[in-house]
There are 2 protein chains.
Amino acid sequence: MTALGFEAHDHSGCIDDALERAESRCHDAKLQFTPARRRVYEILLQGHQAMGAYDILEILGKGGHSVQPPTVYRALDFLLRAGLIHRIERLNAYAACMLLADHDAGDASHVPAFLICRQCRTVAEAEGDRSTDGLTDAAAASGFVVETRVVEAEGLCPACSEGGDRP
Amino acid sequence: MTALGFEAHDHSGCIDDALERAESRCHDAKLQFTPARRRVYEILLQGHQAMGAYDILEILGKGGHSVQPPTVYRALDFLLRAGLIHRIERLNAYAACMLLADHDAGDASHVPAFLICRQCRTVAEAEGDRSTDGLTDAAAASGFVVETRVVEAEGLCPACSEGGDRP
DNA sequence: TGGGGATTGATACAGTATAACATATCACCT
DNA sequence: AGGTGATATGTTATACTGTATCAATCCCCA
């Protein structure tokens, strides 16, 4: 298994591609990819970084007119439901999905696993699997019905572990 | 792999055992298991439930004299560092460790996996393993240095999935 | 054209967590 | 005994994260 997120790449191209895919996916699913939602998605795509809702709020507010928290949270909820972004529980933050091309939006067997750099907050996303997430067996044995899964690792990304890696 | 937490058991005995083990472990590690810390630990042991810091704060405050948030968070930090409790990221909450007897405090290969009931907040803890957490391969492939791991599933426990299981 | 669903705006507030500084306690040394 | 440093606790204020509520708007379509 490999993880997307730490390699160098054509960033503006990658953003354009993601936007285009998002447009078409929302259109197919009869979801409204409105300007507000698109704007929030663009902001999250900018850095391949996990961003807090209030970080996004601040950037949105740069345009002069004031923006309130519910605006951001509504857009984030929409993007989460559409499978375009993920919530990073460990950070109470959000990051754009990097595996859009690989699976369908509602693909339940897609169990994303995240590698989170505690220094630069870059997030890499690996394609996990139910059979290897360490939960399925335990749940089956005890009669627990799993609905959602969280698999995250925090540490240092390749770039940050080169230089100063003091906590 | 099995999970502890959903079975019936001798609860007051289990609390006493846990407290005794905590005492001796802290003593061995030269950590101070002070009354404030012990009290917070007792509260978490009461229910085998994930509890928010402010839930604990409220119970602590019942004793008349006022208690402030930092008091609770400091106790929680200590108990986390001592390996006596876990933080449940999905809920921003805390739960007593149920596998005290099975491993040492600083055992890094111990990767706890949690089954969280969204209805009653009961938490079961399964003994995970690095080799099956779906992260090790991806991290190794990309040069990421993992420091901490989060593996959590949310759903319905056996008891709650019997009755009304509407979200 | 007007009714209903989805979206957005705006205000207020709830819940989670920490910064900063003061005080207390205790072990240890001289 | 008195000084000193490490650890723990008390107190106040504030930062960060998220939601409830109600009003206004937009847009599709019968």
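Hydrogens, waters and symmetry mates play no part in the numbers below; they use all other heavy atoms, side chains included. Order of the sequence lines fixes the chain letters, A, B, ..., with proteins taken first and strands second; residue numbering starts at 1 for each chain.
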Could you run down the sub-3.5 Å N/O contacts of the protein with nucleotides 26-30 of chain D?
none

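- Using a 4.5 Å cut-off on side-chain heavy atoms (C-beta onward), B:Val151 and B:Pro112 make no contact.
- Residues passing the side-chain hydrogen bond (donor to acceptor under 3.5 Å, both in side chains) test with A:Gln49, sequence neighbours excluded: none.
- Note: A:Phe78 and A:Phe33 have tilted aromatic rings, judged against thresholds of 30 and 60 degrees for the angle between ring planes.
- Taking the six-membered ring where the residue is Trp, A:His48 and A:His11 present perpendicular rings, their angle passing 60° and hence far from 30°.
- As a whole-Å value, the separation of A:Leu57 CG from D:dA15 C1' is 14 Å.
- With sequence neighbours left out, B:Tyr41 forms a side-chain hydrogen bond (donor to acceptor under 3.5 Å, both in side chains) with no residue at all.
- Between the CE atom of A:Met51 and the P atom of D:dG18 there is a distance of 14 Å, given to the nearest Å.
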Open item on the list: How would you summarise protein contacts on nucleotides 7-19 of chain C per nucleotide, using B for base, S for sugar-phosphate only and - for none, with heavy-atom distances below 4.0 Å?
Closed with: SBBBB----BBBB
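- Between B:Arg121 and B:Ile116 the shortest side-chain heavy-atom distance does not fall below 4.5 Å.
- Residues B:Leu19 and B:Leu60 fall within the same hydrophobic cluster, defined by Ile, Leu, Val, Met, Phe, Trp and Tyr side chains chained together at heavy-atom separations under 4.5 Å.
- Here the C1' atom of nucleotide D:dT17 and the CD atom of A:Glu89 are 12 Å apart, to the nearest Å.
- Taking 4.5 Å as the limit, some side-chain heavy atom of A:Ile59 sits within range of a side-chain heavy atom of A:Met51.
- Legend: residues meeting salt bridge (Lys or Arg N to Asp or Glu O under 4.0 Å) with A:Glu42, ordered by chain and number and at least two apart, are A:Arg38, A:Arg39.
- The end-to-end axis angle of the helix from C:dT1-D:dA30 to C:dT30-D:dA1, rounded to 10 degrees and based on five pairs per end, is 10°.
- Under the 4.5 Å side-chain criterion, counting only non-hydrogen atoms from C-beta, A:Leu44 is in contact with A:Leu76.
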